[in-house]
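Below is one structure, written out as structure tokens; comments come after it.
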Amino acid sequence: MIVNSHFGNVKETYLFSEIAKRVSDFKAQNSGADVIRLGIGDATQPLPEVCIKAMHEAVEEMAYPETFRGYGPEQGYDFLRQAISEYDYKARGCDIEADEIFVSDGAKSDTANFTDLFGKGNIIGISNPVYPVYLDSNIMAGHSGAENQGSYENIVFLDCLPENGLKPAIPDKHLDIVYLCSPNNPTGVTLSHEDLKAWVDYALEHKTLILFDAAYEAFVTDPSIPRSIYEIPGAKKVAVEFRSFSKTAGFTGTRCGYTVVPKSLEIAVSNGNKPLHLHSMWLRRQTTKFNGVSYIVQKGAAAIYSEAGRHQIKKAIDIYLSNAKAIRKAFEEKGYQVWGGDNSPYIWLKVPEGKTSWEFFDYLLNTYHIVGTPGSGFGTRGEGFFRLTGFGSPQKTKEAVNRILKGLL
Ligand code: PLP
């Protein structure tokens with residue numbers, strides 16, 4: 001058998017296993033230490049009550065022949081697609097129809113699976129630091145081209161550095177595809193209307209496909225910050241948007257998200273004799289390789305669009321945001337340079353001069369018994385930075401903040 005040799009080019013990631021090892025070694029040597037995890041990238045608040053109720057009812061429906069459901073539509077039940085179109089888009093002035101929405105088991109699979117639609121030889125823009133799935137899925141698919149000491153033939157890394165506000169700058173060269181993520185994981189930075197307009201204008205000019213990851217849009221509270229790329233005129237011609245119920249409604253384990261592929265996308269190519277459009281290609285891809293999200297889970301997801309549902313998800317998000325704000329403030333007071341923690345659950349900080357991300361990890365763990373995530377795990381430009389999150393419990397976060405502010409345990 002000939003295997004996909006591109007897998008050999010994917011870098012091993014020891015980030016989370018190394019964190020787990022260092023924490024367990026520390027605990028073994030410091031029994032009784034109250035270690036607080038502020039590196040969590042997972043929801044910790046329980047599912048909203050409306051979701052639990054809707055899922056219980058859906059399970060009950062499965063018990064009777066009249067209401068039992070087997071295979072559903074691969075692209076999602078109409079009740080959920082309609083609710084998404086109405087509340088996430090039309091209510092915010094974005095003209096996205098239900099049949100442009102593809103319900104899935106989450107944004108990780110969709111961002112990675114979308115590479116099925118790319119041919120060979122595209123030049124792909126990827127931020128550095130970055131949510132690693134964009135890069136690794138392209139390497140696995142053979143789209144990155146040959147590697148040379150961390151650079152790839154077909155990947156243009158868009159460095160996100162303090163001097164550009166940690167935002168990906170528009171390159172002076174052509175990109176066929178670009179990944180943008182706002183609010184950003186790992187930096188917590190959001191892209192403004194002007195930032196996104198500049199990218200959409202670039203994409204219209206260069207016929208670039210924008211893959212916009214809005215997994216954290218629900219954390220945006222500032223009304224001037226776009227929650228969807230479709231708030232920008234022209235975006236429906238150039239952009240696909242990925243969204244997730246994971247952090248919005250605590251579905252990290254329950255699994256549900258969706259991808260918007262507008263029918264008006266002009267980034268359409270031809271295989272020589274037949275025009276191909278991304279909307280129909282994605283539909284074909286999903287109906288061939290995916291059998292849909294369970295009815296029970298989709299019922300749970302649809303429940304968040306009720307009045308009570310919207311109130312309940314806001315409560316959980318407010319908890320995460322207030323944790324993030326408190327962490328940001330504590331490090332600012334201690335003189336650190338900090339990004340995010342505002343309109344985002346992530347806080348990104350510059351580690352003190354002369355320390356690496358991992359050295360700072362050890363310092364925080366040994367001095368304050370606090371665990372975070374070294375920035376170097378998100379790309380070479382993450383070295384010298386550190387990620388913390390607001391996803392911990394309010395009590396533990398408060399305790400951690402007190403430790404930082406007092407400078408002692
Ligand atoms: N996109 C970004 C930027 C993320 O940080 C994450 C999860 O951490 C995902 C996508 C994955 O979301 P999902 O749980 O829907 O697969």
Side-chain angles (χ1 to χ4, degrees), residues 13 15-16 19 37-45 47 51 76 80 84 88 101-115 125-138 158 160 166-168 178-191 210-220 227-229 239-260 286 290 292-294 297-298 300-301 304 313 316-317 320 324 339-341 343-348 372-373 375 377-379 382 387-392:
T13 164
L15 180 66
F16 292 104
I19 291 174
R37 292 173 190 274
L38 293 188
I40 306 165
D42 193 355
T44 52
Q45 291 293 312
L47 284 179
C51 301
L80 180 55
I84 293 168
D88 285 346
I101 292 158
F102 296 82
V103 176
S104 73
D105 64 344
K108 186 186 206 172
S109 342
D110 281 358
T111 49
N113 291 336
F114 218 79
T115 58
I126 295 182
S127 297
N128 183 6
V130 74
Y131 173 58
V133 174
Y134 315 147
L135 177 63
D136 290 349
S137 58
N138 275 293
L158 305 169
C160 298
L166 298 179
K167 294 177 182 185
V178 65
Y179 289 84
L180 298 177
C181 176
S182 174
N184 192 270
N185 177 18
T187 65
V189 166
T190 52
L191 297 177
I210 297 178
L211 297 173
F212 187 71
D213 188 340
Y216 298 96
E217 57 78 31
F219 291 82
V220 174
R227 291 173 65 161
S228 165
I229 190 131
V240 164
E241 181 162 290
F242 303 99
R243 287 208 181 180
S244 171
F245 294 106
S246 284
K247 314 291 163 74
T248 305
F251 275 54
T252 45
T254 308
R255 307 305 306 146
C256 197
Y258 62 89
T259 290
V260 180
Q286 291 298 80
F290 183 59
V293 176
S294 88
V297 168
Q298 291 191 61
I304 70 166
I313 61 170
I317 287 168
Y320 299 142
W339 295 264
N343 300 296
S344 164
Y346 293 111
I347 302 102
W348 186 248
T373 311
F378 301 98
R387 193 192 76 173
L388 297 165
T389 91
F391 286 118

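Each ligand, and each atom within it, is numbered from 1 in the order the structure gives. Just the heavy atoms: all of them, side chains too, but no hydrogens, waters or symmetry mates, feed the values below.
Between Tyr179, Tyr131, Phe242, Tyr258, it is Tyr131 that holds the heavy atom closest to atom 6 (C) of ligand 1.
Within 6.0 Å of atom NZ in Lys108, 12 or fewer heavy atoms from other residues, nucleotides or ligands are found, so the atom counts as exposed in its surroundings.
Taking the six-membered ring where the residue is Trp, Phe114 and Phe242 present perpendicular rings, their angle passing 60° and hence far from 30°. By the 30° and 60° cut-offs, the orientation of the rings of Phe245 relative to Phe251 is tilted. Taking the six-membered ring where tryptophan is involved, the planes of Tyr134 and Tyr131 are perpendicular, since the angle between them exceeds 60° and thus also 30°.
By the 3.5 Å distance cut-off applied to N or O atoms, Asp105 is not counted among the residues near ligand 1. Note: no N/O pair closer than 3.5 Å links Thr252 and ligand 1 by distance alone. Between Tyr134 and ligand 1, no N or O atom pair is found at a separation short of 3.5 Å. At least one N or O atom of Lys247 sits closer than 3.5 Å to an N or O atom of ligand 1.
In this structure, Tyr216 has its ring center closer than 6.0 angstrom to the ring center of Tyr346. Aromatic rings of Tyr179 and Phe212 (six-membered ring for Trp) have centroids beyond the 6.0 Å cut-off, not under it.
Regarding atom 2 (C) of ligand 1, its nearest protein heavy-atom neighbour is Asp213 OD2, 3.4 Å. Remark: minimum distance from atom 14 (O) of ligand 1 to any protein heavy atom is reached at Ser246 OG, 2.5 Å.
Minimum heavy-atom separation, Ile313 to Ala249: CG2-CB, 3.7 Å. The nearest pair of heavy atoms linking Arg387 to Gly39 is NH2-O, 3.3 Å.
A donor-acceptor contact shorter than 3.5 Å links the side chain of Thr389 to the backbone of Ile40. The closest donor-acceptor contact from the side chain of Lys247 to the backbone of Glu217 lies at 3.5 Å or more, if one exists at all.
Residue contacts with ligand 1 for Ala107 involve both N, CA, C or O and side-chain atoms from C-beta outward (heavy atoms, distance under 4.0 Å).
Proximity to Cys181 (heavy-atom distance under 4.0 Å) selects the following atoms of ligand 1: 3 (C). The atoms of ligand 1 that sit less than 4.0 Å from any heavy atom of Arg255 are 13 (P), 14 (O), 15 (O), 16 (O). Set against the non-hydrogen atoms of Asn185, the atoms of ligand 1 under 4.0 Å away are 3 (C), 4 (C), 5 (O). Those atoms of ligand 1 with a heavy atom of Gly106 less than 4.0 angstrom away are 15 (O), 16 (O). Distances below 4.0 Å separate heavy atoms of Lys108 from the following atoms of ligand 1: 11 (C), 12 (O), 13 (P), 16 (O).
Heavy atoms of Gly257 stay at 4.0 angstrom or farther from ligand 1. Using a non-hydrogen distance threshold of 4.0 Å, Tyr216 registers as a contact of ligand 1.
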